[in-house]
K.L.:
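Quick one: the structure is below, questions incoming.
Counting starts at 1 for both ligands and their atoms, in listed order.
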Amino acid sequence: MVAGARTKPAPLFWVVAVLFQFMSLAAVAQNTTHLNITAIGAAGGRSTIECWQITRPFDTSTDPGTAGTKAQQLGDTTNLTLTILPPKFDGGLHNAPAVQYVAFTSGLAVVTLPDSDEKATIRGGKYGLIIAADIAAVSKKGHITRYPSGSTTTALQIRMKDNIPPAHSILHKGACRQDELVGL
Ligand SMILES: *[C@@H]1O[C@H](CO)[C@@H](O)[C@H](O)[C@H]1NC(C)=O
Ligand SMILES: *[C@@H]1O[C@H](CO)[C@@H](O)[C@H](O)[C@H]1NC(C)=O
Ligand SMILES: *[C@@H]1O[C@H](CO)[C@@H](O)[C@H](O)[C@H]1NC(C)=O
């Protein structure tokens with residue numbers, strides 16, 4: 001193009017092409033869902049309750065039986081334990097024995113901290129997945145877990161390989177809110 005020449009209006013083709021580009025970007029962005037998960041973390045030697053967002057977004061499954069549906073990779077795990085907690089059980093003050101997911105499948109768990117008012121209430125079921133990462137190496141006292149339900153609370157404890165939590169960002173202090181969980 002000669003310097004100083006007037007810019008011609010963009011041909012319709014390019015306008016349409018750019019528009020499509022934006023539309024597909026918007027569609028991809030809409031499909032990118034991140035899992036938010038309540039975490040018992042640690043900072044400055046004390047346990048914390050935080051809402052984590054898992055860095056890796058949901059993938060679309062290609063596995064037989066679930067192909068085309070949303071699937072979240074949750075990292076490398078080792079050692080799975082099914083835990084059965086009797087009604088009104090008091091787990092007391094303790095550290096997470098390992099960095100682990102706890103998937104509450106029934107009942108109710110209430111997590112509190114020894115030196116703060118922070119509290120997380122987790123109902124067994126669809127939104128029952130948390131991560132407990134306040135191992136003794138990072139938290140002096142740990143956290144308190146009680147199971148106030150009148151019926152049994154069941155949970156799967158899923159330990160992370162080498163105590164490495166999944167890549168995440170911290171959305172905020174305190175447990176994830178319901179509106180941060182329901183976008184599944
Ligand atoms: C978004 O997800 C919907 C349904 O899950 C799918 O039909 C569509 O092709 C996806 N769009 C993109 C851009 O991935
Ligand atoms: C697996 O988990 C159980 C229960 O938490 C624990 O007692 C055991 O030591 C763990 N085993 C390994 C290999 O980490
Ligand atoms: C996680 O939190 C983000 C930001 O608040 C939100 O946009 C997203 O929908 C949440 N994810 C789920 C699965 O609810």
K.L.:
May I ask you to list the atoms of ligand 3 that are less than 4.0 angstrom from any heavy atom of Gln53?
P.N.:
1 (C), 2 (O), 3 (C)
K.L.:
Side chains of Ser116 and Glu118: donor-acceptor distance under 3.5 Å anywhere?
P.N.:
no
K.L.:
Are Phe104 and Leu181 connected into the same hydrophobic cluster when the rule is that any two of I, L, V, M, F, W, Y join if their side-chain heavy atoms are below 4.5 Å apart?
P.N.:
no
K.L.:
What atoms in ligand 3 come closer than 4.0 Å to a heavy atom of Val182?
P.N.:
14 (O)
K.L.:
Do Pro87 and Thr152 have side chains that get closer than 4.5 Å, going by heavy atoms?
P.N.:
yes
K.L.:
Same cluster for Met160 and Val138 if Ile/Leu/Val/Met/Phe/Trp/Tyr side chains link at under 4.5 Å?
P.N.:
yes
K.L.:
Parallel, tilted or perpendicular: which describes the rings of Trp52 and His168, with under 30° parallel and over 60° perpendicular?
P.N.:
parallel
K.L.:
Ligand 2: which residues have a non-hydrogen atom closer than 4.0 Å?
P.N.:
Asn79, Thr81, Arg159
K.L.:
Which bit of His34 gets closer than 4.0 Å to ligand 3, counting heavy atoms only: side chain, backbone, both or neither?
P.N.:
backbone
K.L.:
Got a list of side-chain donor-acceptor pairs under 3.5 Å for residues 119-132, not counting sequence neighbours?
P.N.:
none

K.L.:
Measure the distances from the heavy atoms of Leu181 to every atom of ligand 3 and state whether one is below 4.0 angstrom.
P.N.:
yes
K.L.:
Rounded to the nearest 0.5 Å, what's the gap from CG on Leu156 to CG on Leu80? Could you check?
P.N.:
5.5 Å
K.L.:
Starting from Ile37, can I reach Ile170 by hopping between I/L/V/M/F/W/Y residues whose side chains sit under 4.5 Å apart?
P.N.:
yes
K.L.:
Counting both backbone and side chain atoms, is some N or O of Glu180 under 3.5 Å from an N or O of ligand 3?
P.N.:
yes
K.L.:
Does Leu35, backbone or side chain, put an N or O under 3.5 Å from an N or O of ligand 3?
P.N.:
no
K.L.:
Looking just at side-chain N and O atoms, do Thr154 and Thr105 make a donor-acceptor pair shorter than 3.5 Å?
P.N.:
yes
K.L.:
Just let me know how Thr33 lines up against ligand 3, side chain, backbone, both or neither, with a heavy-atom cut-off below 4.0 Å.
P.N.:
side chain
